[in-house]
2 protein chains.
Amino acid sequence: MTDVAALPLPSTVDDHRDCPVTGVLRRVGDKWSVLIISVLGAGPRRFNELHRGIEGLSHRILTLTLRGLEGDGLVSRTVFATNPVTVEYALTPLGQSLREPLTAVAEWALRHRAELEAARRD
Amino acid sequence: MTDVAALPLPSTVDDHRDCPVTGVLRRVGDKWSVLIISVLGAGPRRFNELHRGIEGLSHRILTLTLRGLEGDGLVSRTVFATNPVTVEYALTPLGQSLREPLTAVAEWALRHRAELEAARRD
DNA sequence: CAGGATCCTCTCTGATACTG
DNA sequence: CAGTATCAGAGAGGATCCTG
């Protein structure tokens, strides 16, 4: 495996802000992006399907999060001119490809769940 | 590979808050944690070594970030009773083990850097 | 149905000053 | 050296109401 420490480390403030790794981590570190990617991984969903499927996620934040994911090219937005209008969200190939490294993190978290909870209790 | 969508999805508000995957992502999604893990991956560092080594990272935020990492059991803090006191931070085995999935994300970001930048321009 | 607009709160981040 | 305390700003998150 490649060593994280061997990767180019952002040393200046600008490097850090522009670092693609930093950008990705901040996106998946927000409150709902990963959950939405996860749901869309099972197939395209309409706006209100996503809204109803995720408890605690407000209307507004869903919109903003989808805009962010769309802006990063991870999610596509397709409008169907029905009446009333239908909008379908789906993972792009780029978004699909992100699921693999995300899974690595998720599996790590599940595998070390007990240790994490033990540490947090102290 | 295991499918992210196949992992247990947090469906209620409490599930989401307690989800270990969510917790890990929010930690590594903060501004400095990954960079610090990355630096400590090369070996233990003293407080001011970390501070000097990372431009733009304030005194206070370094303290808070290290407390967070320590609280999650990812970083250890050792005090040496020298005069003045010396404090050494190092990755715990748990912290070391996190570097592997983190590297997967980092490599994904670097591999798809061009696509990400192109998407963000539109 | 799929949102945009407002307003409000809370957390994260940071600058500055002080301490054992 | 390695912090803690205080204060201030920015941004994320959320509730509510309105619209094509």
Side-chain angles (χ1 to χ4, degrees), chain A residues 10 12-17 19 22-36 39-40 44-72 75-90, chain B residues 10 12-17 19 22-36 39-40 44-72 75-90:
Chain A
T12 71
V13 182
D14 286 349
D15 278 355
H16 187 259
R17 200 194 48 237
C19 174
T22 300
V24 169
L25 288 170
R26 289 196 77 113
R27 166 144 311 287
V28 301
D30 81 358
K31 199 165 177 181
W32 301 105
S33 285
V34 169
L35 188 51
I36 290 173
V39 171
L40 290 182
R45 292 286 185 277
R46 302 217 321 277
F47 184 87
N48 277 328
E49 287 179 325
L50 285 170
H51 189 206
R52 277 189 299 271
I54 304 177
E55 190 198 353
L57 172 55
S58 76
H59 205 150
R60 189 180 106 88
I61 298 302
L62 176 57
T63 300
L64 291 178
T65 305
L66 286 170
R67 292 290 169 275
L69 292 169
E70 201 189 342
D72 282 348
V75 161
S76 66
R77 178 175 180 275
T78 311
V79 182
F80 296 99
T82 52
N83 192 318
V85 65
T86 303
V87 180
E88 188 177 272
Y89 292 92
Chain B
T12 71
V13 182
D14 287 351
D15 278 355
H16 187 257
R17 197 193 51 237
C19 174
T22 301
V24 169
L25 288 171
R26 290 195 76 115
R27 167 144 311 290
V28 301
D30 80 358
K31 199 164 177 181
W32 302 104
S33 284
V34 169
L35 188 52
I36 290 173
V39 171
L40 291 181
R45 292 285 186 278
R46 302 217 321 278
F47 184 88
N48 277 330
E49 286 180 323
L50 285 170
H51 189 205
R52 277 190 299 271
I54 303 178
E55 190 200 352
L57 171 56
S58 77
H59 203 151
R60 187 179 111 86
I61 298 301
L62 175 57
T63 300
L64 291 179
T65 305
L66 286 169
R67 292 289 171 274
L69 292 169
E70 201 188 345
D72 282 349
V75 161
S76 67
R77 177 174 180 275
T78 311
V79 182
F80 297 99
T82 52
N83 193 316
V85 66
T86 302
V87 180
E88 187 176 272
Y89 291 92

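Sequence lines set the chain letters: A, B, ... in the order given, protein chains first and strands last, and positions in each chain run from 1. Computed from a predicted structure; not experimentally measured.
Here the straight-line distance linking atom CD1 of I36(B) with atom CG of L50(B) works out to 6.5 Å at 0.5 Å rounding.
Scored by the side-chain hydrogen bond (donor to acceptor under 3.5 Å, both in side chains) test, S58(B) finds no partners at all (sequence neighbours excluded). Legend: residues meeting side-chain hydrogen bond (donor to acceptor under 3.5 Å, both in side chains) with T78(A), ordered by chain and number and at least two apart, are absent. Annotation: ring pair (Phe, Tyr, Trp, His ring centres under 6.0 Å) contacts of F47(B) (sequence neighbours excluded): H59(B). Residues satisfying the salt bridge (charged side-chain N to carboxylate O under 4.0 Å, His left out) test with D15(A), not counting sequence neighbours, are none. In this view, R45(A) satisfies the salt bridge (charged side-chain N to carboxylate O under 4.0 Å, His left out) rule with no residue, not counting sequence neighbours. Judged as a side-chain hydrogen bond (donor to acceptor under 3.5 Å, both in side chains), and not counting sequence neighbours, the contacts of D14(A) are R17(A). Contacts of D72(B) classified as salt bridge (charged side-chain N to carboxylate O under 4.0 Å, His left out), with partners at least two apart in sequence or in another chain: R120(A), R27(B). T12(B) is linked by a side-chain hydrogen bond (donor to acceptor under 3.5 Å, both in side chains) to nothing, counting only residues two or more places apart in sequence or in another chain. For R67(A), the salt bridge (charged side-chain N to carboxylate O under 4.0 Å, His left out) partners are E70(A), not counting sequence neighbours.
The terminal axes of the helix from dC1(C)-dG20(D) to dG20(C)-dC1(D), fitted over 5 pairs per end, subtend an angle of 50° to the nearest 10°.
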message: For a quick check, with a 4.0 angstrom heavy-atom cut-off, what is the B/S/- contact string for nucleotides 9-20 of chain C, read 5' to 3'?
response: ----BBB-----
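Of all nucleotides in DNA chain D, those with any atom nearer than 4.0 Å to a heavy atom of chain B start and finish, going 5' to 3', at dC1(D) to dT6(D).
Rounding to whole angstrom units, OH of residue Y89(A) and C1' of dA2(C) are separated by 7 Å.
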